[in-house]
A.B. asks: 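The following block contains the structure, expressed as structure tokens.
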Amino acid sequence: MRLLICAICLVVLSTVAAPSTAQDSAQAQEQTAWTVLNTGLKDNSTDVRAIAAHVLGELNGNAKAKDAAISALKNDKQAVVRAAAAQSLGEMGAKDAIADLHATFQDTDPLVIIAAAHSLIELGDNSGYNVYYAVLTGGQKTGQSLTEQQKKMLKDPKKMAALGVQAGIGFIPFGGLAMGGYKLLTRDDTSPVLAAAALMLAKDPDPKSGKALAEASANKDKWLVRAAAFDAIARRGDPALLDAAEAGLQDDKDQVKISAAAAVIRLHDIQMQPKPEPQKPASKKPKK
């Protein structure tokens, strides 16, 4: 009997202890995972650190992940890692990191600046559009020109090519594809990046960006930029840009002409939509 009672006690004790053991095991696994991730962020290989910084974006709402991304953004010596960290902050919705993303506008590499700008837009901060405006036009919305260092970076073929082949990071979308895909369409290193900048300005509410798109649609040297500008004009849906779109119907490049045609149809449709009648103020009931 005593043996039976002891056996029952052991079963009961093991049953009670099981949840605790399972919980401890889960915590141990999570701790191991963080060790692996933190080790990756400190690895000697730039590629490994970039991957580690990139996957932090999957940890939405995790304070440790946010802190790790900010640390990589501020401290890593390689631009591709800082850019991956900047992207992750946007993906994880880290609105309290907006100030840190703003600080990257002083970074020495355009890769990081553009990644930060994209994340700011994702976080609802329209100042990110200023960077794409500067890339497309070579100037700032305030009327001030870019600094000499920034101009030099944006005119550097190697730097622009680097922006165009970051398919792995993919923070510069173009028609749903990473820039690496469109890099194959042209030997011109700057066109893919300028085209991507044009597309990013499609949703910028600032009228100056609409004007910049109209001017980009008339770019005589870069057909990919013209096509992207008309695509952005269509997405923007501003009938004020209809004249620019109609001018594109005369383009000698079929790809551009087709993009312009879609913009014309889109803007005509919007223009023909009945405007909502202004609401009449509610009449006040006479006092009894």
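By convention here, the first residue in the shown sequence is residue 1. The structure presented is a predicted model; accordingly, all values stated were derived computationally and were not measured. What's counted below: heavy atoms across the whole structure, side chains too, no hydrogens, waters or symmetry copies.
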A.B. asks: Working to the nearest 0.5 Å, report the span between OG of Ser71 and NZ of Lys42.
C.D. replies: 8.5 Å

A.B. asks: At their closest point, which heavy atom of Met92 faces which heavy atom of Leu56, and how far apart are they?
C.D. replies: CE-O, 3.1 Å

A.B. asks: Looking at Thr35 and Gln31, would you say the former's side chain and the latter's main chain have a donor-acceptor pair under 3.5 Å?
C.D. replies: yes

A.B. asks: Taking atom CH2 of Trp34 and atom OG1 of Thr39, what is their separation to the nearest 0.5 Å?
C.D. replies: 12.0 Å

A.B. asks: Which atoms form the tightest heavy-atom contact between Tyr129 and Leu201, and what is the distance?
C.D. replies: O-CD2, 3.6 Å

A.B. asks: Mind running side-chain contact (heavy atoms from CB on, under 4.5 Å) on Lys66 and Asp96 for me, showing each step along the way?
C.D. replies: CA-CA 9 Å; Lys66 181 198 69 176; Asp96 51 351; 2.8 Å; yes

A.B. asks: Counting C-beta onward and ignoring hydrogens, is there a side-chain heavy-atom pair between Asp43 and Ile51 closer than 4.5 Å?
C.D. replies: no

A.B. asks: What's the spacing between Leu111 CG and Gln87 CD if we round to 0.5 Å?
C.D. replies: 10.5 Å

A.B. asks: If you measure from CD on Gln106 to CD1 on Ile113, what distance do you get to the nearest 0.5 Å?
C.D. replies: 8.0 Å

A.B. asks: Under 4.0 Å between a side-chain nitrogen and a carboxylate oxygen: does that hold for Asp76 and Arg49?
C.D. replies: yes

A.B. asks: Check the pair Leu213 / Leu136 against side-chain contact (heavy atoms from CB on, under 4.5 Å), numbers first and verdict last.
C.D. replies: CA-CA 9 Å; Leu213 289 173; Leu136 184 63; 4.3 Å; yes

A.B. asks: Any chance the side chains of Ser127 and Asp125 put a donor and an acceptor closer than 3.5 Å?
C.D. replies: yes

A.B. asks: Can you tell if the side chain of Lys203 reaches within under 4.5 Å of the side chain of Ile121, non-hydrogen atoms only?
C.D. replies: no

A.B. asks: Taking all heavy atoms of Leu89 and all of Leu123, pick out the closest pair and write down the distance.
C.D. replies: O-CD2, 4.1 Å

A.B. asks: Do any N or O atoms from the side chain of Thr104 and from the backbone of Leu101 form a donor-acceptor pair under 3.5 angstrom?
C.D. replies: yes

A.B. asks: Answer yes or no: is there a donor N or O on one side and an acceptor on the other, between the side chain of Arg82 and the main chain of Lys77, under 3.5 Å?
C.D. replies: yes

A.B. asks: If every non-hydrogen atom of Ile233 is compared with every non-hydrogen atom of Ser217, which pair is closest and at what distance?
C.D. replies: CD1-CB, 4.4 Å

A.B. asks: What are the two closest heavy atoms between Phe230 and Ala263, and how far apart are they?
C.D. replies: O-CB, 3.6 Å

A.B. asks: List the steps and the verdict of side-chain contact (heavy atoms from CB on, under 4.5 Å) for Leu199 and Arg235.
C.D. replies: CA-CA 9 Å; Leu199 283 169; Arg235 297 184 193 189; 3.9 Å; yes

A.B. asks: Val55 and Leu41: same hydrophobic cluster, using ILVMFWY side-chain contacts below 4.5 Å?
C.D. replies: yes

A.B. asks: Roughly how far, to the nearest 0.5 Å, is the CH2 atom of Trp223 from the NZ atom of Lys257?
C.D. replies: 14.0 Å

A.B. asks: With Arg226 as reference, evaluate Asn219, Asp251, Asp231, Asp221 under the side-chain hydrogen bond (donor to acceptor under 3.5 Å, both in side chains) test and give the passing residue.
C.D. replies: Asp251

A.B. asks: Can you name the closest pair of heavy atoms from Ser209 and Asp204 and give their distance?
C.D. replies: OG-OD2, 2.5 Å

A.B. asks: Linking I/L/V/M/F/W/Y whenever their side-chain heavy atoms sit closer than 4.5 Å, directly or via other members, would Leu59 and Val48 fall into one cluster?
C.D. replies: no

A.B. asks: Tell me whether Ile258 shares a hydrophobic cluster with Val264, the cluster being built from Ile, Leu, Val, Met, Phe, Trp, Tyr side chains joined at under 4.5 Å.
C.D. replies: no

A.B. asks: If you round to the nearest 0.5 Å, how far is CE of Met272 from CG of Leu267?
C.D. replies: 13.5 Å

